[in-house]
Participant: 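Mind having a look at this structure? Questions to follow.
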Amino acid sequence: MFFDSRAKGKNKTLRSVMSDLDKYIIASAFLIFALFLSGTFIIQNQSSRHIEETDSIEFESTLRIYTLNLVGQISLIASSTTFLEYLRSGAFTRKSLERDFYELMSRLPKKNYAGLTISNVDNEIIFSTGEVTENIVTLPLCYVGDNFNSKFGRCVGEMQIYIDGASLLNELIKLNQRIQYCDNCHPIESLPDIHSELFKYHSKLSLYINIRPPKDGKYFYAIGFTVLFTIILLISLFLRTMILKVLNHYIIEPITKITSSVHSADFNNATLVEVLKIQQRNEVLQAKAIAEDKQNKWLASELHDELGAQLVSLKWSLQAIEQNNSAANLTTAKENLNRLISLVKNFIAELRPEELETLGLSKSLDLMVVKRNNQAGLCRYKLTNQTKDEEISGAFSHAIYRVCQESLTNIAKHSSATSAEISMHIEWLSNNTRILELKVRDNGNGFSYNESFKPGGHGIDSMKERVISLGGVFQLLTEPGAGTEILVMLPLPLPFE
């Protein structure tokens with residue numbers, strides 16, 4: 001049965017393979033949705049028991065913010081010199097201070113209180129405004145010298161703030177829209193302790209307010225799951241389109257272009273064996289596919305290691321801003337974003353140098369040597385190029401450019417050389433094939449292959465992989481004190497190919 005199934009698979013047409021591909025993608029979409037659905041229900045069951053505790057913490061936090069605003073505004077007034085002089089004054093001098101004192105009290109936002117009374121050290125009410133309510137916050141007026149400190153200072157009076165329940169509810173709703181009035185809930189009997197060294201107060205409240213629980217999410221879950229399933233299907237269809245695009249671009253279209261003059265059959269009805277036989281006759285396309293595969297692997301690795309790390313760093317910076325919108329966190333996020341932009345630019349330059357695109361290989365190498373010679377350093381660089389740009393196709397010119405670029409960088413960084421030379425020419429062999437020969441030689445320190453050379457060191461691995469991916473030969477000739485020579489030999493396609 002096993003061998004029968006393999007034989008049957010070889011006789012499948014491209015159309016039947018695409019049909020199987022559709023089935024697998026749809027099945028995968030349903031599987032992903034099922035896994036997500038199961039995971040969501042598990043998480044929902046685990047997290048539902050924490051909702052009440054979370055709401056309690058959020059409600060307490062909202063009350064604490066309100067309390068900080070209220071006590072902070074009042075203590076700012078109470079810490080002024082005008083307020084202190086009026087509080088400590090006698091009946092005779094108090095009259096002369098009334099105008100400045102009343103002007104000071106008018107700065108206190110009236111939305112935070114319904115009424116307010118101030119009494120001195122003799123419990124004599126020296127100021128009163130507004131109306132009295134059952135919700136009272138009492139703030140001792142205590143000072144260390146002239147500095148307000150209601151916890152450790154000497155108390156010379158007391159302020160009673162009367163709070164209107166409706167006004168307080170409106171202020172809390174501004175801080176948290178889930179705060180609401182409740183008829184049968186347990187009333188709030190005091191404001192929370194803000195744990196401050198400056199403020200000592202006590203409150204007596206009877207406020208029927210609480211935090212509204214989250215809305216029933218069943219309806220939203222149904223919509224969310226429907227949207228999610230639709231997105232998964234769309235992504236699956238997009239992946240199918242991209243897979244078919246790659247299949248057509250790298251396999252079907254190249255084969256069709258080559259055989260269209262002798263083949264009129266519909267390639268969708270060709271068997272896989274027939275397609276493979278046609279593809280095997282096209283060595284040039286195979287070489288291109290290998291080079292592109294190597295490039296894609298490198299790009300995937302770089303995106304994973306470099307871009308992925310920068311994105312995670314940026315995500316953490318944004319989370320830090322969400323938790324604390326400080327200037328330092330914003331600066332860090334901007335720096336991470338700038339590093340990410342720079343990294344993307346480097347990736348683009350690595351994939352296809354702009355100079356190579358605009359100037360061609362010969363002028364790009366000339367410019368590379370000129371730039372190196374213009375830089376500070378003892379080493380002088382020379383280029384001997386006996387090739388023409390039209391003799392070398394895009395993939396090969398890119399590889400040559402990168403090998404030269406990496407070699408000159410290594411010479412500048414590691415060799416301590418005083419001279420370096422790039423030489424390049426094309427040889428025709430007896431079997432009517434062309435070989436591009438590139439040499440990069442310097443008179444620097446050299447190094448021991450066994451001791452200093454390590455895979456990935458000095459960028460040699462990257463140069464070697466570029467050459468091998470195009471079916472070429474890469475040789476490194478070096479020893480301590482004898483300089484270094486890099487030899488590259490690439491088989492070039494014939495001009496008519």
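Everything numeric in this text was worked out from a predicted model, so none of it was measured.
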Participant: Suppose the criterion is side-chain hydrogen bond (donor to acceptor under 3.5 Å, both in side chains): which pairs have a residue in residues 64-79, not counting sequence neighbours?
Facilitator: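 Those involving residues 64-79 are Gln73-Asn112.
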Participant: Looking only at non-hydrogen atoms, find the nearest pair between Cys379 and Asn373 and report the distance.
Facilitator: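 Between these two residues, the closest heavy atoms are O-OD1, 4.2 Å.
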Participant: What ring pair (Phe, Tyr, Trp, His ring centres under 6.0 Å) pairs are there with at least one residue in residues 67-89, not counting sequence neighbours?
Facilitator: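 Every pair satisfying ring pair (Phe, Tyr, Trp, His ring centres under 6.0 Å) with a residue in residues 67-89: Phe83-Phe101, Tyr86-Phe101.
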Participant: Judged by modelled atom types alone, do Thr409 and Arg372 share a side-chain donor-acceptor pair under 3.5 Å?
Facilitator: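 Looking only at side-chain atoms, Arg372 and Thr409 do form a donor-acceptor pair, the distance falling under 3.5 Å.
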Participant: Considering only distance and modelled atom types, tabulate donor-acceptor pairs under 3.5 Å from the side chains of residues 139-147, sequence neighbours left out.
Facilitator:
residue : atom : partner : partner atom : Å
Tyr143  : OH   : Ala78   : O            : 2.6

Participant: State the CZ-OG1 distance between Arg99 and Thr82, to the nearest 0.5 angstrom.
Facilitator: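 Taking CZ in Arg99 and OG1 in Thr82, the distance rounds to 12.5 Å.
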Participant: Is any side-chain N of the basic residue among Arg94 and Glu85 closer than 4.0 Å to the acidic one's carboxylate O?
Facilitator: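 Result for this pair is no, no salt bridge flagged.
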Participant: Determine whether Leu87 and Ile126 make a side-chain contact, defined as any pair of heavy atoms from C-beta on separated by less than 4.5 Å.
Facilitator: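 The answer is yes; the side chains approach within 4.5 Å.
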Participant: Going from CZ on Phe474 to CD1 on Ile460, what distance comes out if it is rounded to the nearest 0.5 angstrom?
Facilitator: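 If I round to the nearest 0.5 Å, the distance is 6.0 Å.
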Participant: Give the C-alpha distance, both sets of side-chain angles, the deciding distance and a yes or no for side-chain contact (heavy atoms from CB on, under 4.5 Å) between Glu189 and Ser206.
Facilitator: CA-CA 5 Å; Glu189 297 179 347; Ser206 181; over 6 Å; no
Participant: Quick one: ring-ring contact (aromatic ring centres under 6.0 Å, His included) partners of Tyr102, sequence neighbours excluded?
Facilitator: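 Tyr102: ring-ring contact (aromatic ring centres under 6.0 Å, His included) contacts with Phe127.
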Participant: Side chains of Met105 and Ile118, heavy atoms from C-beta outward: is any pair under 4.5 Å?
Facilitator: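 Touching, per the 4.5 Å side-chain cut-off.
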Participant: Just to verify, what does Gln160 make a side chain to side chain donor-acceptor pair (under 3.5 Å) with, not counting sequence neighbours?
Facilitator: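 Applying side chain to side chain donor-acceptor pair (under 3.5 Å) to Gln160 gives Tyr162.
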Participant: Taking the side chain as everything from C-beta on, heavy atoms only, tell me whether His398 gets closer than 4.5 Å to Leu356.
Facilitator: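 When only atoms from C-beta onward are counted, Leu356 and His398 do touch, with a gap below 4.5 Å.
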Participant: With sequence neighbours excluded, tell me which residues meet side chain to side chain donor-acceptor pair (under 3.5 Å) with Asp164.
Facilitator: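 Asp164 satisfies side chain to side chain donor-acceptor pair (under 3.5 Å) with Ser167 only.
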Participant: Considering residues, nucleotides and ligands other than Ile125, do more than 12 of their heavy atoms fall under 6.0 Å from its CD1?
Facilitator: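 Counting neighbours around CD1 of Ile125, 12 or fewer heavy atoms of other residues, nucleotides or ligands fall under 6.0 Å, so no.
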Participant: To the nearest 0.5 Å, tell me how far Leu191 CG sits from Leu207 CG.
Facilitator: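 Interatomic distance, Leu191 CG to Leu207 CG, rounded to 0.5 Å: 8.0 Å.
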Participant: Where the side chain of Asn120 meets the backbone of Val156, is there a donor-acceptor pair that is under 3.5 Å apart?
Facilitator: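 Checking the backbone N and O of Val156 against the side chain of Asn120, no donor-acceptor pair under 3.5 Å is found.
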Participant: Taking atom CD as the centre, does Gln375 end up with more than 12 heavy-atom neighbours from other residues, nucleotides or ligands that are less than 6.0 angstrom away?
Facilitator: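 Yes, enclosed.
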Participant: Nearest 0.5 angstrom please: Leu361 CG to Cys404 SG, how far?
Facilitator: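 Leu361 CG to Cys404 SG: 7.5 Å, rounded to 0.5 Å.
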Participant: State the CG-CZ distance between Leu76 and Phe148, to the nearest 0.5 angstrom.
Facilitator: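 So the CG of Leu76 and the CZ of Phe148 are separated by 10.5 Å.
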Participant: Do Lys464 and Val403 have side-chain heavy atoms sitting under 4.5 Å apart?
Facilitator: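 Not touching, per the 4.5 Å side-chain cut-off.
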Participant: Are the side chain of Ser61 and the backbone of Glu58 linked by a donor-acceptor contact shorter than 3.5 Å?
Facilitator: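 No, the answer is negative, given that no donor and acceptor are paired below the 3.5 Å cut-off.
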Participant: Drop me the distance from Ile163's CD1 to Ser203's OG, to the nearest 0.5 angstrom.
Facilitator: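 The OG atom of Ser203 is 7.5 Å from CD1 of Ile163, to the nearest 0.5 Å.
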Participant: Main chain of Ala166, side chain of Asn170: is a donor-acceptor contact present, judged purely on distance under 3.5 Å?
Facilitator: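 Side chain of Asn170 to backbone of Ala166: a pair is present.
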Participant: Let me see the working for Lys204 and Val137 under side-chain contact (heavy atoms from CB on, under 4.5 Å), right down to the final yes or no.
Facilitator: CA-CA 6 Å; Lys204 182 181 179 182; Val137 178; over 6 Å; no
Participant: Can you list the steps and then say if Val369 with Leu365 is a side-chain contact (heavy atoms from CB on, under 4.5 Å)?
Facilitator: CA-CA 6 Å; Val369 171; Leu365 294 179; 5.7 Å; no
Participant: Using the rule given for side-chain contact (heavy atoms from CB on, under 4.5 Å), can you reason through Ile209 versus Leu172, listing the C-alpha separation, both sets of side-chain angles and the distance that settles it, and then say yes or no?
Facilitator: CA-CA 10 Å; Ile209 56 176; Leu172 292 179; 3.4 Å; yes
